[in-house]
Amino acid sequence: MYDYDLLVVGSANADLVIGVERRPGAGETVLGSDLAVHPGGKGANQAVAAARLGARTALLARVGDDAHGRLLLDSQREAGVDTVGVLVGGAPTGVALITVDPSGDNSIVVSPGANGRLTPEDVRAAGCLFQGSRVVSAQLEIPLETVVEAVRSLAPGSRFVLNPSPPRPLPQEVLAACDPLIVNEHEAKVILGDSAAGDTPEDWARILLAKGPKSVVVTLGAEGALVASAEGVSRVPAVKVDAVDTTGAGDSFTAALAWRLGAGESLARAAAYAVRVGAATVTKEGAQASFPTAAEVAGA
């Protein structure tokens, strides 16, 4: 019935990465490593991560007609992603400036570029992709009105997964479609806004559920994750690894979760698998280059 296990609607960026001993403070200059350029962007990352795990995946995104855009298209195709929905032109390819410290933590500044030109009209023109997809995943590195249009374009019976990053308040129409809404601590608190956020991830999840999503997943980094739905709230334990670079870990987690949910697994089982995928990701440098195959996850 479905041509694709997962359709990712989102951003595609070139990641410009520099290693630093510590991130600079205001007005400060620090020396870093040689510049490395990697294919990235939350949408492109999720598509590659899902395809490497074995999901039939398509990407709806926009890149520039430039070297960074060609790098991104090559990466998608190499991973096995269907790029029929990747539009070219309108603005330069988006760029993410990333610094990574010795602990593997990163700080990121994004110049959206062509991502900001992915429009609701582009979504409507890609209706056949939506009708052929079991699960649709989105993030917020593209215009919010484009995400709203993606929700309106969902096929009957398909599932919508949202990682609201970078976070912003969400319209009720989008919240109600999420199954699940996937957030970290920072994203949860931004979306909760003036709501009493509580002190624990369990509190955040319950309050978020009350705002309309069918389910909520809170990622907790080295502490694993938490899943919440009408059936209750439970923790998913972490997998202990030595982190090298956390870039892309949240994207690989979301992709794995979306794929396994589409395959019929429960939220808790899908999240447990996604935790393993995210853990494998942080043991290698870069984003897309670090995403594991299904065989690598099984052997971990």
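No experiment lies behind these values; they were computed from the predicted model shown. Every heavy atom of this structure was used, including side-chain atoms; hydrogens, water molecules and symmetry mates were not.
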ILVMFWY network linking Ile108 to Val20, side-chain heavy atoms under 4.5 angstrom
no

Result block: side-chain N/O donor-acceptor pairs under 3.5 angstrom for residues 92-100, not counting sequence neighbours:
unit_1, atom_1, unit_2, atom_2, d
Thr93, OG1, Gly64, N, 2.8
Thr93, OG1, Asp66, OD1, 2.6
Thr93, OG1, Asp66, OD2, 3.4
Thr93, OG1, Gly69, N, 3.1

Is there side-chain contact between Asn45 and Phe291, with at least one heavy-atom pair below 4.5 Å?
yes

Is the shortest side-chain heavy-atom distance between Pro120 and Val148 below 4.5 Å?
no

Without placing hydrogens or testing angles, list every side-chain donor-acceptor pair under 3.5 Å for residues 233-240, not counting sequence neighbours.
unit_1, atom_1, unit_2, atom_2, d
Arg235, NE, Glu202, OE2, 2.8
Arg235, NH2, Glu202, OE1, 3.3
Arg235, NH2, Glu202, OE2, 3.4

For side chain to side chain contact (heavy atoms under 4.5 Å, CB included), just list the numbers for Leu170 and Leu181, CA-CA rounded to whole Å, side-chain angles, deciding distance to a tenth of an Å, and then say yes or no.
CA-CA 11 Å; Leu170 295 171; Leu181 176 72; 4.1 Å; yes

Will you find, in the side chains of Asp179 and Ser215, an N or O donor that is under 3.5 Å from an N or O acceptor?
yes

Test item: Gln131 and Pro156 side chains (from C-beta on) under 4.5 Å apart, heavy atoms
yes

Is it the case that atom CD in Glu21 sees more than 12 heavy atoms from other parts of the structure closer than 6.0 Å?
no

Test side-chain hydrogen bond (donor to acceptor under 3.5 Å, both in side chains), reference Asn163, set Gln139, Glu187, Gln46, Glu141, output is Glu187

Assess the residue pair Thr254 and Asp251 against the criterion (side chain to side chain donor-acceptor pair (under 3.5 Å)); give the C-alpha distance rounded to whole Å, side-chain angles, the decisive distance to 0.1 Å, and a yes or no.
CA-CA 5 Å; Thr254 298; Asp251 300 327; 5.7 Å; no

If you count every heavy atom of other residues, nucleotides or ligands that lies below 6.0 Å from Asp65 atom CG, does the total exceed 12?
no

Other residues, nucleotides and ligands only: do more than 12 of their heavy atoms fall within 6.0 Å of CD on Glu145?
yes

Let me see the working for Val147 and Phe160 under side chain to side chain contact (heavy atoms under 4.5 Å, CB included), right down to the final yes or no.
CA-CA 11 Å; Val147 176; Phe160 182 68; 4.1 Å; yes

Are Phe130 and Val84 co-members of a hydrophobic cluster defined by side-chain heavy atoms under 4.5 Å apart?
yes

Using a 4.5 Å cut-off on heavy atoms from C-beta on, say whether the side chain of Val183 contacts that of Ile191.
yes

Arg124 atom CZ, over 12 foreign heavy atoms within 6.0 Å:
yes

Interatomic distance, CZ@Arg77 vs CG@Leu72, rounded to 0.5 Å, equals 11.0 Å

Going by heavy atoms in the side chains, are Asn184 and Phe253 under 4.5 Å from each other?
no

Donor-acceptor pair, side chain of Arg62 and main chain of Asp122, under 3.5 angstrom
no

Between Leu261 and Leu267, is there a side-chain heavy-atom distance shorter than 4.5 Å?
yes

So, the side chain of Arg260 versus the backbone of Glu265: is there a donor-acceptor pair under 3.5 Å, distance only?
no

Leu31 atom CG: more than 12 heavy-atom contacts under 6.0 Å:
no

May I ask you to test the Leu53-Ser252 pair for a side-chain heavy-atom distance under 4.5 Å?
no

Residues Arg23, Asp101; criterion salt bridge (Lys or Arg N to Asp or Glu O under 4.0 Å); working and verdict:
CA-CA 7 Å; Arg23 289 185 285 276; Asp101 70 17; 3.4 Å; yes

Could you tell me whether the side chain of Glu121 reaches within less than 4.5 Å of the side chain of Glu149, counting heavy atoms only?
no

Does atom CD of Glu173 have more than 12 heavy-atom neighbours, drawn from other residues, nucleotides or ligands, at distances under 6.0 Å?
yes

Could you tell me whether the side chains of Asp203 and Thr200 share a donor-acceptor contact shorter than 3.5 Å?
yes

Applying side chain to side chain contact (heavy atoms under 4.5 Å, CB included) to Gln288 and Glu78, what does each step give before you reach the verdict?
CA-CA 11 Å; Gln288 293 178 19; Glu78 183 179 345; over 6 Å; no

